[in-house]
Student: 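Take this structure first; my questions come after.
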Protein chains: 2
Amino acid sequence: MTVSKTASATAAVDAAKPSRGGRKEPAEGSADDAALQLGELSELLGYSLKRAQLRVFEDFLRCVAPLQLTPAQFSVLLLLDRNPGRNQTEIANTLGILRPNFVAMLDGLESRDLCTRIRSTNDRRSHILMLTDKGRAVLARAKKLVATKHEARLNELLGPANRAALLDMLATIAREF
Amino acid sequence: MTVSKTASATAAVDAAKPSRGGRKEPAEGSADDAALQLGELSELLGYSLKRAQLRVFEDFLRCVAPLQLTPAQFSVLLLLDRNPGRNQTEIANTLGILRPNFVAMLDGLESRDLCTRIRSTNDRRSHILMLTDKGRAVLARAKKLVATKHEARLNELLGPANRAALLDMLATIAREF
DNA sequence: TGATAATTGTTATGCCGTATACCGAATATC
DNA sequence: GATATTCGGTATACGGCATAACAATTATCA
């Protein structure tokens, strides 16, 4: 597996993001008063990690905007689809969401008729979570948007091989670090 | 540049993190009721990106705990060291921090005598930011901790070449996505 | 069996990061 | 010199994330 150079390893100048909206506006006119030096910051993995994560989430939101789904909501729908018959604690734990915080999140999804809480007959404390038909439909559309717009753009930027390598390393960090 | 396989590309099962403290407790006794399937979630770059970022920041905090510095505070000290004579707006913009939110942050650093605000003589609106001697000393110790404990651990996990490739791709995303 | 402990969903609450609107002082523009 | 802009700052709000506590239900075990 080979990684082609996508940029000079010691690049990183002007990581500022003053304008919240569109990218690529070099402030043209002004001589721009000399950009700040990031220095060792560009060697800090956590720094680039955070910035990249913000950009990726930002793009995700834009791509899936017509469906009004956040990354967290999308992950919940994905998980409910793959793991029917689970309760709130199991789903929340898997996603690293604390049970108290998962309540409002489910309220939101349920109020939009994307999923349902069903009292379990085995254990009447727990709520079995299920996708509704609308939930499945929205998930299907979301998957398509994510694949064709969001992930496709990442593939275009990095190339399929690099993207796979990146994903693998990130998963490794998330799992073993 | 070559990337050795750090893990199977389609691994990812049981990404749960129920216990906030130490890792590596397989809950031994119980048969563990079958782990949930992440499914397409393990192919979502943003998902692994976020999880990896949380882990890395978590480790950063632990490594630099004796100095009581957050990643954001560390990045400010680094930037002040590399770019003396800049004002709040310039530093904040470079780090993607909004000016209003940068005020309290600087208050914290200044109250600990790590940096100082100096009224500029050229433009008496702006505050020139400077590291104090103590600030430079703390920064030096922090750099050492980050390099020998934090980044070293990442190097150990990924290998130097993979780590460099990862950093490069993250910077590319942060810059061009 | 019955007392005690543990689990589930939930509420309340707080902290932190982030975003916007607005202000006074100082400066820039024309 | 009038107007607009910029700088640091305050107030405020929203969302993510964390803990404590509670009622209902279930599990544990003397």
Side-chain angles (χ1 to χ4, degrees), chain A residues 17-21 27 29-30 33 46-47 50-51 53-55 57-58 61 68-73 75-76 85-110 115-129, chain B residues 17-21 27 29-30 32-33 46-47 50-51 53-55 57-58 60-61 68-76 85-111 115-129:
Chain A
K17 194 173 59 172
S19 61
R20 220 63 201 154
S30 67
D33 238 69
Y47 179 74
K50 174 102 182 281
R51 296 228 116 163
Q53 187 261 323
L54 289 176
R55 285 277 170 101
F57 269 45
E58 201 177 302
L61 284 174
Q68 284 288 91
L69 284 182
T70 67
Q73 289 172 327
S75 68
V76 169
R86 300 292 189 155
N87 63 25
Q88 299 185 193
T89 297
E90 292 172 310
I91 300 294
N93 278 345
T94 303
L95 292 176
I97 302 174
L98 294 175
R99 276 74 78 210
N101 300 329
F102 196 46
V103 174
M105 191 169 175
L106 272 185
D107 289 346
L109 293 176
E110 203 175 13
C115 71
T116 329
R117 294 184 237 223
I118 305 177
R119 291 225 97 91
S120 168
T121 52
N122 305 335
D123 186 340
R124 284 172 36 212
R125 291 171 296 184
S126 62
H127 290 168
I128 298 306
L129 298 179
Chain B
K17 193 172 59 172
S19 62
R20 219 64 200 157
S30 67
D32 211 59
D33 238 69
Y47 180 73
K50 174 102 183 282
R51 294 229 120 163
Q53 186 261 323
L54 290 176
R55 286 277 170 101
F57 269 46
E58 203 177 299
F60 183 98
L61 284 174
Q68 284 287 91
L69 283 182
T70 67
Q73 289 172 326
F74 179 69
S75 67
V76 169
R86 299 293 189 153
N87 63 26
Q88 298 186 196
T89 298
E90 291 172 310
I91 299 294
N93 277 345
T94 303
L95 291 175
I97 302 174
L98 294 175
R99 276 74 77 208
N101 300 329
F102 196 45
V103 174
M105 189 168 176
L106 271 185
D107 289 348
L109 293 176
E110 203 174 13
S111 72
C115 70
T116 330
R117 295 183 237 224
I118 306 178
R119 291 226 96 93
S120 168
T121 53
N122 306 335
D123 186 340
R124 284 169 39 208
R125 290 171 297 183
S126 61
H127 290 170
I128 298 306
L129 298 180

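Quick note on labels: first sequence line is chain A, next is B, and so on, each numbered from 1.
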Student: Verify the contact: side-chain N or O of A/Ser126 to OP1 or OP2 of C/dG9, cut-off strictly under 4.0 Å; return yes or no.
Tutor: no
Student: What residues form a side-chain hydrogen bond (donor to acceptor under 3.5 Å, both in side chains) with B/Arg124, not counting sequence neighbours?
Tutor: none
Student: Rounded to whole angstroms, how far apart are CD1 on A/Ile91 and P on C/dG9?
Tutor: 10 Å
Student: Check the distance between C/dG9's P and A/Glu110's CD and give it to me in whole angstrom.
Tutor: 13 Å
Student: Please write out the pairs of protein N or O atoms and N or O atoms of nucleotides 26-30 of chain C separated by less than 3.5 Å, giving the distance to one decimal.
Tutor:
residue, atom, partner, partner atom, Å
C/dA26, OP1, B/Arg124, NH2, 3.4
C/dT27, OP1, B/Arg124, N, 3.0

Student: Please write out the pairs of protein N or O atoms and N or O atoms of nucleotides 20-22 of chain D separated by less than 3.5 Å, giving the distance to one decimal.
Tutor:
none

Student: Applying side-chain hydrogen bond (donor to acceptor under 3.5 Å, both in side chains), name anything that partners B/Gln68, two or more places apart in sequence or on another chain.
Tutor: none
Student: Between A/Asn101 (CG) and C/dT13 (C1'), how many Å, whole number?
Tutor: 11 Å
Student: Please state how far atom CG in B/Leu106 lies from atom P in D/dT10, giving the value in whole angstrom units.
Tutor: 12 Å
Student: Closest heavy-atom contact between B/Val76 and B/Leu109?
Tutor: CG1-CD1, 3.7 Å
Student: Can you tell me if A/Arg99 and A/Asn93 form a side-chain donor-acceptor pair at under 3.5 Å?
Tutor: yes
Student: I need the minimum non-hydrogen distance between B/Arg51 and A/Thr94, along with the two atoms involved.
Tutor: NH1-O, 3.5 Å
Student: Looking at A/Ser120, is its backbone amide N or carbonyl O close enough to the side chain of A/Arg125 to form a donor-acceptor pair, meaning the two atoms are under 3.5 Å apart?
Tutor: no
Student: If you only use heavy atoms from C-beta on, which nucleotide in D/dG8, C/dG9, C/dA19 is closest to the side chain of B/His127?
Tutor: D/dG8
Student: Whole Å only: how far is the CZ atom of A/Phe102 from the P atom of D/dT19?
Tutor: 18 Å
Student: Starting at CG of B/Asn93 and ending at P of D/dT6, how long is that distance when rounded to a whole Å?
Tutor: 12 Å
Student: Could you tell me which residues satisfy ring pair (Phe, Tyr, Trp, His ring centres under 6.0 Å) with B/Phe60, sequence neighbours excluded, listed by chain and number?
Tutor: B/Phe74, B/His150
Student: What nucleotide, of C/dT10, C/dG17, D/dC7, holds the atom closest to the side chain of A/Lys50?
Tutor: C/dG17
Student: How long is the line joining CG of B/Leu98 and C1' of C/dA21, in whole Å?
Tutor: 13 Å
Student: Any idea which heavy atoms bring B/Phe57 and A/Gly46 closest together, and the distance?
Tutor: CE1-O, 3.4 Å
Student: Nearest whole angstrom, please: distance from the P of D/dA23 to the CZ of A/Arg119.
Tutor: 16 Å
Student: Residues in side-chain hydrogen bond (donor to acceptor under 3.5 Å, both in side chains) with A/Asn101, at least two apart?
Tutor: none
